[in-house]
Amino acid sequence: MKKIIFTDKAPAPIGPYNQAVLVGNTLYTSGQIALHPQTMELVLDDIETETKQVMENMKAVLAAADMTFEDVVKTTIFIMNMGDFARINAVYGGYFDEATAPARETVQVACLPKNVNVEISMIAIK
């Protein structure tokens with residue numbers, strides 16, 4: 001049985017999807033981009049600020065499912081420019097304990113929603 005997860009502390013979906021779906025003890029999140037949850041404006045000052053907003057959005061979605069980054073077992077990072085990888089990774093890494101960090105792939109793509117530079121999705125298990 002699936003349970004839809006929603007929080008107003010993360011951006012509301014802008015299409016036919018939900019922020020996350022909980023199935024049993026496994027949470028599947030939709031990708032988050034750097035939308036500020038209250039204003040729905042993009043936060044694109046620089047790649048570090050953009051990545052931080054994405055991670056804060058994801059933190060709110062996890063919290064709505066009573067989870068934290070410690071529960072994350074897999075992440076997918078989509079980026080527009082692989083040249084930004086080190087800067088994105090530095091921000092991303094600050095949210096995880098390196099010894100227990102999740103599995104991950106990082107993929108460069110041609111375009112992302114709203115022409116952002118980074119989108120991140122996660123799978124977490126409680």
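Residues take their numbers from the sequence shown, with the count starting at 1.
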Salt bridge check: are Lys74 and Glu105 linked by an N-O gap of less than 4.0 Å? yes

Tell me, do Ile33 and Lys114 make a side-chain contact under 4.5 Å, heavy atoms counted? yes

Can Phe78 be reached from Met82 by stepping across I, L, V, M, F, W or Y side chains whose heavy atoms are under 4.5 Å apart? no

For a 4.5 angstrom cut-off between non-hydrogen side-chain atoms, does Leu62 reach Leu27? yes

List the atom of Val61, the atom of Ala20, and the distance in Å for their closest heavy-atom pair. CG1-CB, 3.6 Å

Distance check, rounded to the nearest 0.5 Å: Asn115 atom CG versus Met80 atom CE? 6.5 Å

Closest non-hydrogen atom pair between Pro11 and Pro37, with its separation: N-CB, 3.7 Å

Count I, L, V, M, F, W, Y as connected when their side-chain heavy atoms are under 4.5 Å apart, and connections chain through other members. Are Leu112 and Leu44 then in the same cluster? yes

Give the C-alpha distance, both sets of side-chain angles, the deciding distance and a yes or no for side-chain contact (heavy atoms from CB on, under 4.5 Å) between Glu56 and Tyr95. CA-CA 9 Å; Glu56 289 297 312; Tyr95 287 84; 2.7 Å; yes

Of the options Asn117, Asp46, Val118, which is the one that meets Thr51 in a side chain to side chain contact (heavy atoms under 4.5 Å, CB included)? Val118

A side-chain contact here means heavy atoms from C-beta on lying under 4.5 Å apart; do Arg104 and Asn89 qualify? yes

Would you mind reporting whether Phe96 and Thr75 have side-chain heavy atoms less than 4.5 Å apart? yes

Closest heavy-atom pair and its distance - Ser121, Met58: CA-CE, 4.0 Å

Verify, without hydrogens or angle tests, whether Asn25 (side chain) and Lys126 (backbone) share a donor-acceptor contact under 3.5 angstrom. yes

Run the side-chain contact (heavy atoms from CB on, under 4.5 Å) test on Val43 and Leu35 for me, step by step, so that the C-alpha distance in whole Å, both residues' side-chain angles and the decisive distance to 0.1 Å come before the verdict. CA-CA 6 Å; Val43 179; Leu35 283 169; over 6 Å; no

Show the nearest heavy-atom pair for residues Ile14 and Tyr17, with the distance to one decimal. N-OH, 3.1 Å

Report yes if the side chains of Ile47 and Arg87 come closer than 4.5 Å at any heavy-atom pair, otherwise no. yes

Looking only at heavy atoms, which two atoms of Phe6 and Gln19 are closest? And how far apart? CA-OE1, 3.0 Å

Between Val107 and Phe85, is there shared hydrophobic-cluster membership here, with clusters defined by ILVMFWY side-chain heavy atoms closer than 4.5 Å? no

Do the side chains of Leu22 and Met67 get nearer than 4.5 Å, heavy atoms only? yes

I would like to know whether Phe69 and Met122 meet side-chain contact (heavy atoms from CB on, under 4.5 Å); could you show each step before the answer? CA-CA 9 Å; Phe69 287 112; Met122 298 182 178; 3.6 Å; yes

Is it the case that one hydrophobic cluster holds both Met40 and Leu42, taking links as side-chain heavy atoms less than 4.5 Å apart, direct or via other members? yes

With a 4.5 Å heavy-atom cut-off, do Gln32 and Glu119 have their side chains touching? no

Just do the side-chain contact (heavy atoms from CB on, under 4.5 Å) check on Thr106 and Ile79 with the steps written out, would you? CA-CA 7 Å; Thr106 303; Ile79 62 177; 4.0 Å; yes

Say you draw a straight line from CD of Glu48 to CD1 of Ile88; how long is it, rounded to the nearest 0.5 Å? 9.0 Å

Taking the side chain as C-beta and beyond, is there a heavy-atom pair between Met55 and Ile120 under 4.5 Å? yes

Value for NZ (Lys59) from NZ (Lys52), rounded to nearest 0.5 Å, stands at 8.5 Å

